[in-house]
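Below you'll find the structure, written out as structure tokens, and then a few comments.
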Amino acid sequence: MGNTEKNISLARWIIDKTNTKSYRAGTLSGWKHPVVDGKVMTCVGGRQKFIEQAKILERKSRAGQEGKLKFAWSEVNTNIRKIDYDISIIPELCELEHIEDPRVRQLRLIAMVGKYREEVKKCDWLCDYYDDLLLKLRNGGEKTDAEDENRFRCLNAIVMQEKPTWERVFSARVLRDSKKFKNDYETFFLTVLKIYSPYYEDGMTDDELLHMHGILSYAQILEWKGPLQYLLDGKVLVDSSVNVYGTVINTQTMEHAQISALPGCKKIMTIENKANYESMKYEEGTLYIFCHGFFTPKEVRFLKELCEVAAEDCEFYHWGDMDYGGIRIFQFIKNKIFPKIVPYRMGVEEFHWALESGAGIPLKPDTRAKLEHMEAGVLSDLKEKILETNLTIEQELLL
């Protein structure tokens with residue numbers, strides 16, 4: 001008789017047999033003629049149940065009465081060799097089983113995804129995600145995860161919010177549960193962002209990527225020390241150059257601040273690691289900026305203003321780790337903020353010095369593969385030395 005816990009009805013077996021990509025896509029029509037074998041009978045609970053259900057379907061269903069569902073009987077109606085049925089009977093069988101027709105479900109999902117796409121039609125990268133999902137659904141792809149509308153609510157909310165939001169506040173507002181986003185949707189969310197978001201840079205941490213899209217898991221601050229003046233709300237001048245030990249501002253201040261001058265500044269240096277940043281003594285005429293990794297969009301906007309007020313002969317430097325991530329961060333700053341920036345203490349000479357001092361961290365195989373295929377620009381020699389030695393150097397070792 002088989003395992004009764006896994007038995008299904010004959011009608012359900014026919015539905016499942018028909019539930020293919022072409023049926024869900026609406027391109028399947030005509031007749032099907034599946035052969036009946038022992039597996040079919042076991043699936044519906046054995047030979048006796050199979051025969052009983054076949055007789056009922058043939059006699060009582062509209063499909064049977066209209067000749068759209070036929071059973072090839074043999075041995076004086078005690079055995080069935082095959083089933084002949086028209087695809088058009090599936091909606092009726094779904095009614096009998098009290099389940100949603102797979103084609104109807106597909107159309108419902110397409111309409112739902114289309115609705116969420118319309119909400120964010122001005123956001124190109126998110127529309128690309130929805131377009132790819134719609135293409136799969138229209139081609140009959142069985143995207144069971146598309147049933148969860150919370151996924152789309154989270155994605156749309158992120159591009160529709162006007163300012164950064166704490167992760168738990170975002171979760172409570174969108175999902176009515178302050179922990180639900182973190183527990184149930186963050187992994188999906190990050191997967192989509194890594195594929196479609198224009199803000200994603202290979203090497204970003206998950207927190208950095210979330211920050212790029214206005215989901216804050218910790219306080220977003222910008223730190224520097226040096227000759228920087230900015231206007232607050234367009235009227236209050238703040239001169240941070242007097243604070244030679246460092247200035248820290250939060251996101252709200254960045255939103256209301258505009259850089260106005262760099263008095264006497266001849267050099268601007270971004271520093272990746274906190275220990276190195278803290279150890280750099282204040283030198284008159286130099287602006288030191290702690291970059292902590294990849295700058296967020298608000299930090300990028302704020303820092304780009306430095307280029308507008310800096311003297312023409314102002315020099316730009318970046319000091320970071322001599323590894324895949326350090327090279328990526330340097331490229332990010334060069335491409336997004338300071339086009340004139342050059343590496344500081346990130347060359348082959350410093351690399352060799354660090355190795356002779358006993359430093360060196362083994363390069364992971366997956367990171368090596370990424371490094372081999374990346375364009376390192378002015379850090380190409382460093383890239384080749386890392387690949388040659390299969391070692392990397394953290395910036396702190398050069399203090």
* Identified ring-ring contact (aromatic ring centres under 6.0 Å, His included) counterpart of Tyr130 within the set Phe152, Tyr196, Trp125 -> Phe152

* Asked: Can you check salt bridge (Lys or Arg N to Asp or Glu O under 4.0 Å) on Glu255 and Lys298, steps first, answer last?
  -> CA-CA 7 Å; Glu255 291 173 349; Lys298 289 188 182 297; 3.3 Å; yes

* Can we say Glu66 and Arg62 salt-bridge, meaning some charged N sits less than 4.0 Å from an Asp/Glu carboxylate O? -> no

* Asked: Is it the case that Glu315 and Tyr317 place a side-chain donor and acceptor less than 3.5 Å from each other?
  -> yes

* Could Lys225 and Phe290 be counted as a cation-pi pair, given that NZ or CZ must be under 6.0 Å from the ring centre and within 45° of the axis? -> no

* To do: State plainly whether the residues Glu52 and Lys49 are in salt-bridge range, i.e. N to O under 4.0 Å.
  => no

* Find the distance between CD (Glu283) and CE (Met269) and round it off to the nearest 0.5 Å. => 8.5 Å

* Considering only NZ, NE, NH1 and NH2 on the basic side and carboxylate oxygens on the acidic side, decide whether Arg117 and Asp131 come within less than 4.0 Å. => yes

* Asked: Should Lys304 and Phe302 count as side-chain neighbours, where that means a heavy-atom distance under 4.5 Å?
  -> no

* Does a side-chain N-to-carboxylate-O contact under 4.0 Å join Lys115 and Glu149? -> yes

* **Interatomic distance, Ile289 atom CD1 to Leu303 atom CG [nearest 0.5 angstrom]** => 5.0 Å

* Evaluate whether atom NZ of Lys32 has more than 12 neighbouring non-hydrogen atoms of other residues, nucleotides or ligands under 6.0 angstrom away. => no

* Do the charged groups of Asp313 and Lys266 touch, with an N to O distance under 4.0 Å? -> no

* To do: Consider only side-chain N and O atoms of Gln53 and Ser9, and report whether a donor and an acceptor are under 3.5 Å apart.
  => no

* Does atom CD of Glu147 have more than 12 heavy-atom neighbours, drawn from other residues, nucleotides or ligands, at distances under 6.0 Å? -> yes

* Salt-bridge present (Glu58, Lys55; N to O < 4.0 Å) -> no

* Asked: Is it true that Glu142 and Lys21 make a salt bridge, defined as a side-chain N closer than 4.0 Å to a carboxylate O?
  -> no

* Do Phe181 and Phe189 have ring centres separated by under 6.0 Å? -> yes

* Polar contact flag, side-chain donor to acceptor under 3.5 angstrom, Gln161-Arg173 -> yes

* **Centroid-centroid distance, His318 to Tyr344, less than 6.0 Å** => no

* To do: Assess the side chains of Trp224 and Ser240: does a donor N or O sit below 3.5 Å from an acceptor N or O?
  => yes

